[in-house]
Amino acid sequence: MRPRRFLPSTRLLLAFDAVVRHRSVTAAAAELDLTQSAVSRLILSLEQQLGKELFTRHRKRLVPNAAALTYQREVARALDMIQRASTAVVANPDGGTLSLAVLPTFATRWLGPRLGDFLKRHPGVAVNLSTRIQRFDFSGEVFDAAIYFGTEDWQGVHHLKLFDERVTACASPDLVAAHGLNAATDLDAVQLLHLESRPNVWSDWFQAQGMAARGGDGMLMDQFSMMIQAAISGLGVALLPDYLAQIEIADGRLVPVLKQAVPVRGAYWLVWPEERGDLIPLRAFRDWLAEEASGGI
């Protein structure tokens, strides 16, 4: 049983969170639709319940101390989780909710067009998507699972491999017409576009063309969407995963350069913490995603 002393009411926590965020009792009172004196009383009640001073009183101002700043970060996260859970149970009381962190371009170009099939098969399940590029600690987040690119080394989670990475070098029709790009050595005359999360991909690609591994200078970006637009604008040659390359090639915005679908290091994975593994929406999504991934990109 949790000691009630360390479980303040949401009324106290909302007042505390607002005062720390705004650094102002007046602004916090306006946000909460309370009087300033009511907010001050709530803060005092919280300090008394915890047995810990959280603010310095200075000329009728409440100045949060170091303990308050640390506490507020955790309180804000907890309030956000409660709000999300409450929203989910009201919006979808029967089927459950799946909160998924996913790579931005993967979400819009691969998962998004397929997600309607999952929702059609599981009409009671609501899926919430948020983009994440970097890995994170599930214990401090509201996510049930995540889709990421890399190797099977995310600590403290279970892994489901979706598919390996295969890339195609792509350039704008004008860039190809101007430089030919009929051999790997022709790429010395153009700029190579790099992605932060794929530091070795150009080396892998050159090796697949029978050349020594190399990376080279070029423009560095953090998302494929930016890289695609840069390639379409003729700024250089981009190495794109096949699920992206084929869309741009089919639409005529980009053309393939040399060998296509080159296997490189890394794969796409679905991961989830052990304590979420038995969630019914996650189990349904995991089975559906495995089926979709087995069909290729």
Side-chain angles (χ1 to χ4, degrees), residues 101-113 131-136 146-154 161-269 293 296-297:
V102 65
L103 300 166
T105 309
F106 185 90
T108 56
R109 306 298 287 272
W110 191 91
L111 182 60
T131 58
R132 289 290 189 279
I133 297 176
Q134 304 296 331
R135 301 185 193 187
F136 54 86
I147 295 175
Y148 80 103
F149 173 83
T151 56
E152 191 177 1
D153 60 355
W154 190 325
K161 187 176 184 179
L162 303 181
F163 48 80
D164 291 312
E165 182 88 296
R166 293 178 178 271
V167 298
T168 295
C170 296
S172 69
D174 289 344
L175 192 69
V176 172
H179 295 278
L181 304 184
N182 297 311
T185 53
D186 294 339
L187 270 66
D188 291 337
V190 297
Q191 180 168 237
L192 305 183
L193 305 180
H194 298 265
L195 197 71
E196 287 181 357
S197 61
R198 311 289 200 279
N200 302 308
V201 68
W202 273 112
S203 293
D204 291 348
W205 184 86
F206 276 109
Q207 285 184 308
Q209 312 301 322
M211 297 182 62
R214 53 169 283 202
D217 297 328
M219 188 178 294
L220 181 64
M221 302 175 189
D222 68 351
Q223 293 191 34
F224 276 121
S225 56
M226 298 170 62
M227 180 180 287
I228 290 170
Q229 190 55 53
I232 291 172
S233 300
L235 298 182
V237 181
L239 277 180
L240 300 178
D242 254 22
Y243 72 88
L244 295 177
Q246 296 309 319
I247 295 172
E248 304 302 331
I249 292 169
D251 289 344
R253 291 189 290 266
L254 295 173
V255 295
V257 176
L258 302 177
K259 184 179 179 181
Q260 299 186 49
V262 175
V264 293
R265 282 170 277 187
Y268 292 86
W269 305 84
I297 59 174

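These figures come from a predicted structure and were not determined experimentally. Residue numbers run from 1 in the order of the sequence given. The figures here come from the full heavy-atom set of this structure, side chains too, leaving out hydrogens, waters and symmetry mates.
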State, yes or no, whether a side-chain contact exists between Ile249 and Val255 at a heavy-atom distance under 4.5 Å.
-> no

Are Gln260 and Gln246 side-chain neighbours, meaning at least one heavy-atom pair lies under 4.5 Å?
-> yes

Step by step, work out the side chain to side chain contact (heavy atoms under 4.5 Å, CB included) result for Leu103 and Arg132.
-> CA-CA 6 Å; Leu103 300 166; Arg132 289 290 189 279; over 6 Å; no

Which pair of heavy atoms, one from Ala293 and one from Phe163, lies closest together, and at what distance?
-> CB-CD2, 4.1 Å

Lys161: side chain to side chain donor-acceptor pair (under 3.5 Å) partners, not counting sequence neighbours = Asp164

Please name the pair of heavy atoms, one in Phe206 and one in Ala184, separated by the smallest distance, quoted to 0.1 Å.
-> CE2-O, 3.9 Å

Any side-chain heavy atom of Leu162 sitting closer than 4.5 Å to one from Ile147?
-> yes

Candidates Val262, Asn200, Leu192 - the one meeting side-chain contact (heavy atoms from CB on, under 4.5 Å) with Trp205 = Val262

Shortest non-hydrogen contact from Tyr148 toward Glu152 = OH-CA, 4.0 Å

Option from Glu196, Met226, Gln229 for which side-chain contact (heavy atoms from CB on, under 4.5 Å) with Met221 holds | Met226

In short, salt bridge (Lys or Arg N to Asp or Glu O under 4.0 Å) pairs touching residues 219-230 with sequence neighbours left out are none

Work out which heavy atom in Met227 is nearest to a heavy atom in Ala238; give both atom names and the distance.
-> CG-CB, 3.5 Å

Counterpart residues, side chain to side chain donor-acceptor pair (under 3.5 Å), relative to Asp251 (two or more places apart) = Arg253

Are any non-hydrogen side-chain atoms of Phe224 and Arg198 less than 4.5 angstrom apart?
-> yes

Student check: side-chain heavy atoms of Gln191 and Val237 closer than 4.5 Å = no

Side-chain polar contacts of residues 168-181 - donor-acceptor pairs under 3.5 angstrom, sequence neighbours left out - could you list them?
unit_1: Thr168; atom_1: OG1; unit_2: Asp242; atom_2: OD1; d: 2.9
unit_1: Thr168; atom_1: OG1; unit_2: Ala261; atom_2: N; d: 2.9
unit_1: Ser172; atom_1: OG; unit_2: Leu175; atom_2: N; d: 3.1

Separation between CG (Leu239) and CG (Leu195), nearest 0.5 Å, reads 10.0 Å

Ile133 versus Gln223: any side-chain heavy-atom pair under 4.5 Å?
-> yes

Could you please spell out the steps behind the side chain to side chain contact (heavy atoms under 4.5 Å, CB included) verdict for Leu111 and Val102?
-> CA-CA 9 Å; Leu111 182 60; Val102 65; 4.3 Å; yes

Are any of the side-chain heavy atoms of Leu254 and Leu240 separated by less than 4.5 Å?
-> yes

Considering residues at least two apart in sequence or located in another chain, which fulfil the ring-ring contact (aromatic ring centres under 6.0 Å, His included) criterion with Phe106?
-> Trp110, Tyr243, Tyr268

Donor-acceptor pair, side chain of Trp202 and main chain of Leu193, under 3.5 angstrom = yes

Sorted by chain and number, sequence neighbours left out, side chain to side chain donor-acceptor pair (under 3.5 Å) with Thr151 holds for Asp153

So do Arg109 and Ile228 actually touch side chain to side chain, heavy atoms under 4.5 Å?
-> yes

